[in-house]
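Small disclaimer: the values here were computed from a predicted structure and weren't measured.
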Amino acid sequence: MREVIGSVFDYRCDGERAVSGRVVGFLFRQEPKKEEKTEFELSGLIAEELEVMSRNERRVLMERAGLNPDKYDF
């Protein structure tokens, strides 16, 4: 899309867009994709460490972190 808009507003064919082309390019630019973290990732727990714990230790730790231990399968 940016290439199409840029070529449309390049009146002098020198690779520089006119002001109107820069404005249109700014209006239609794509926002960077934001990575959404899961509830588990936000808790700060590490899955590999939880896997080696006993069921009771894991349950207590997850409850302290504010997670529902029944929701996750280890």
Walk me through whether Ile46 and Phe40 qualify under side-chain contact (heavy atoms from CB on, under 4.5 Å).
CA-CA 9 Å; Ile46 300 171; Phe40 184 81; over 6 Å; no
Full working for salt bridge (charged side-chain N to carboxylate O under 4.0 Å, His left out) between Glu51 and Arg58
CA-CA 8 Å; Glu51 288 176 350; Arg58 184 171 44 242; over 6 Å; no
Glu57 and Leu50: CA distance, side-chain angles, deciding distance, side-chain contact (heavy atoms from CB on, under 4.5 Å) verdict
CA-CA 8 Å; Glu57 288 176 322; Leu50 293 174; over 6 Å; no
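Across Lys71 and Glu39, no two heavy atoms sit closer than the pair NZ-OE1, 3.4 Å. The two residues Met62 and Asn68 come nearest to each other via the heavy atoms CE-O, 4.5 Å. Between Pro69 and Arg59 the shortest heavy-atom distance is CG-NH1, 3.3 Å.
Atom CD of Glu48 sits about 11.5 Å away from atom CE of Met53, to the nearest 0.5 Å. Tyr72 contributes atom OH, which lies 9.0 Å from atom CG of Leu45 (distance to the nearest 0.5 angstrom).
Residues Glu49 and Leu61 are not in side-chain contact: their nearest non-hydrogen atoms beyond the backbone lie 4.5 Å or more apart.
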